[in-house]
Structure formats: C-alpha cells, structure tokens
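Reading through the structure tokens given below for one structure.
Here is the naming used below: chain letters follow the sequence lines, and residue numbers restart at 1 for every chain.
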Protein chains: 2
Amino acid sequence: MIGYSPAETARLSGFSLDTLRYYEKIGLLSGVGRTSGGRRVFTEDDLGWLGLFRCLRDTGMPIAQMCRYAELAREGEHTARERQELLQRHAERVEEQMALLRRQYDRLRDKIRYYESVTEGVRAG
Amino acid sequence: MIGYSPAETARLSGFSLDTLRYYEKIGLLSGVGRTSGGRRVFTEDDLGWLGLFRCLRDTGMPIAQMCRYAELAREGEHTARERQELLQRHAERVEEQMALLRRQYDRLRDKIRYYESVTEGVRAG
DNA sequence: TTCCATCCTGGAGCGCGCTCCAGGTCAAGC
DNA sequence: GCTTGACCTGGAGCGCGCTCCAGGATGGAA
C-alpha cells in the first residue's frame, strides 16, 4: 500500500491542493497520513473517498451533508442503514434535478429552433 | 395589456421580490414600468423574459451571460445570430452537464445497491 | 551542501447570487 | 383622516465552496 503525494492526489482526484486541505480541515477527509516531516500522504482508500465526494458534489450534494455521511461511516457498520437512507434521499433529489434539467433543456432547444427559423429566413431573404 | 404587481410577478415567475429588484438593478431586466407613485408594473413581456431567465438559470447559465443575452436583444434584430450562437454554446454545455449528471447518478445508484445488499444481509442474519 | 520545487499552517479574501435591513412612501379599505 | 400592508431605495451582509497569501519547513537532485 504505497501512498500518494498531495500533487499526485490532486491530479488523480481532480480536486485542487487547496481543496484537499480544505476537505481535511472541515473533517470531510480524516486520518490522512503524514511523513515524518509533516507532509500529507494519501492512500488508495483516501482516493476512494475522494471519488465518492466527486460523485456527490457533481450531483449537487452540499458539503455539510457529505460531512454527515463521512461522520456516519467513521462511526462504524451500525450506521449503514442511515447512510443508505441519506444516499437514497439524495438520489431522489438528483432525479428531480435531472427531470428539471431535461425540461429546461427542451425549452432551450425550442428557443434555438426559433432562432434557426429566423436566421434561415434572413438567409433566404 | 394589463400589468402585474411585484407580488403577483414574484408568484408567477417564482423569483422573490428581492431577486426581481436585483435583476432590474444589474440591468438584466430593463424598462420595467412604474405607476405614478413609483411602484413597478410588470408586463406579459417581462414575464416572458423572466421565464427565459428561469430556464437559463435552471440550466446553470451565469448571470453575466444572461445580461449579455438581454443586452444583445435590446440592440435589435441584427444581433439574432449572435444570440442564437450564445444559446447554442450554452445548450452544448447543458448536454455535457446532463451526461455528467447521469454518469454520477449511476455511480450513486451502484453505491445504494451495495448498501441494499448489505442491509438485506443484516435482515437475513 | 546547496538549491529549489513542493509542501506546510493559519487566516484572510473572493465570486456568485441573492437576501436582508433601515427608513421612508404609497394607496386601498374602514 | 387613519390604518395597514405592500412597496420603494441604497447599501450592507450572507452562505457556499473554495482560493489565495505570507512566511516558513522539507526533501530529492546536482
């Protein structure tokens, strides 16, 4: 189990160095290893967490909720159900978000189609 | 062509009173009518704009870009092509956003499915 | 041994999109 | 005429999620 430097971790996770430090500061990421000199060493496991955070963030979960999830995970196996429910509720919100996005995308396409008809009219005229 | 009070407009558009005032202040909404006493009177046309802004905002367009669009529209018909291109580029970004959202939603569902298998194990045990 | 890129900490600052507030005006109903 | 609630303005403040900075330590290569 080799470790990853902060720079490598930033590259692999897509989060900036500052964001990695920030996530640790607020307790989202915890137990990050250090060298004797005090530099962070990220593990494969940390990368797994970061992957999850990216997923949750990309789907619009607020950081406070990610913290809650991480905290539950740290408490142990007996919180599995609560974590599942948290993700389930989030998934439902994501579904609504996707439906809204699609509706509004369709409106947008309509608007663009209108412009296409206008500019073709200009070409034809 | 009757007008709408600020409160009515807020209700119909889904934007708060403060947001309506803010949109006018930054020049997103312009030429909003007034009563002799200085109170805003919104028209059907204003509501149309607000509907568009909701669409663009829900699909993640930054306000600065909406301002640009509104400004172009005010300049007249000769900016139609530029407006179309602006919307077209936005639509492409929305498509990417939808694709990302779907990918991450699928990951999320996987995670939940994992939890379902775990908690069913608990039930069975 | 020296260099210099990488990293450290604590804390301030930022960009966005509102949201709230104070202090005052307006107008419809009694 | 008076009350009351909706509305006005200018400007400050906020919540989120980072992002940047100063000033200093680290550590691998030449």
Presence of [X] side-chain N/O under 4.0 Å of [N] phosphate oxygens OP1/OP2:
X     : N      : value
A:R57 : D:dC18 : yes
A:R11 : C:dT6  : no
A:Y23 : D:dG17 : no
A:T35 : D:dG27 : yes
B:R40 : D:dC8  : yes

Can you tell me the distance, in whole Å, between the [atom1] atom of [X] and the [atom2] atom of [N]?
X     : N      : atom1 : atom2 : result
A:Q65 : D:dC16 : CD    : C1'   : 14 Å
B:E24 : D:dT9  : CD    : P     : 7 Å
B:R21 : C:dC21 : CZ    : P     : 13 Å
B:Y22 : D:dA12 : OH    : P     : 16 Å
A:L20 : C:dT9  : CG    : C1'   : 16 Å
B:L50 : C:dC18 : CG    : P     : 12 Å
B:I26 : C:dC16 : CD1   : P     : 11 Å
B:M61 : C:dC18 : CE    : P     : 14 Å

- Message: Which is more 5' along DNA chain C, the nucleotide nearest A:R34 or the one nearest B:K25? Just name the residue.
- Response: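 By nearest-heavy-atom nucleotide position, the 5'-most residue is A:R34.
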Is there a side-chain contact between [X] and [Y] in this structure, where contact means two heavy atoms from C-beta onward sitting under 4.5 Å apart?
X     : Y     : value
A:V32 : A:F42 : yes
B:Y22 : B:I63 : yes
A:E95 : A:H90 : no

- Message: Looking at the base of C:dA27, is there any donor atom on it, or on the side chain of B:R39, that sits under 3.5 Å from an acceptor on the other one?
- Response: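 Not at all, since no donor on one side and acceptor on the other fall under 3.5 Å apart.
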- Ignoring hydrogens and angles, does a donor from either the side chain of A:D18 or the base of D:dC18 sit under 3.5 Å from an acceptor on the other?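 Such a pair does not exist between side chain and base.
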- Task: Find which nucleotide of DNA chain D each of B:L17 and A:G38 is nearest to by heavy atoms, and output the residue with the more 5' nucleotide.
- Result: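 Taking each residue's closest nucleotide, the earlier one in sequence belongs to B:L17.
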- Item | Which nucleotide in C:dT19, C:dC7, C:dT9 has an atom nearest any side-chain atom of B:S16 |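 Within the option list, the nearest is C:dT19.
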- Say you draw a straight line from CE of A:M98 to CD of A:E96; how long is it, rounded to the nearest 0.5 Å?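 Between A:M98 CE and A:E96 CD, I get 10.5 Å after rounding to 0.5 Å.
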- Establish, for the pair A:R83 and B:Y115, whether the NZ or CZ atom is under 6.0 angstrom from the six-membered ring centre and no further than 45 degrees off its axis.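 Because its charged atom misses either the 6.0 Å distance or the 45° angle limit, A:R83 does not stack over B:Y115.
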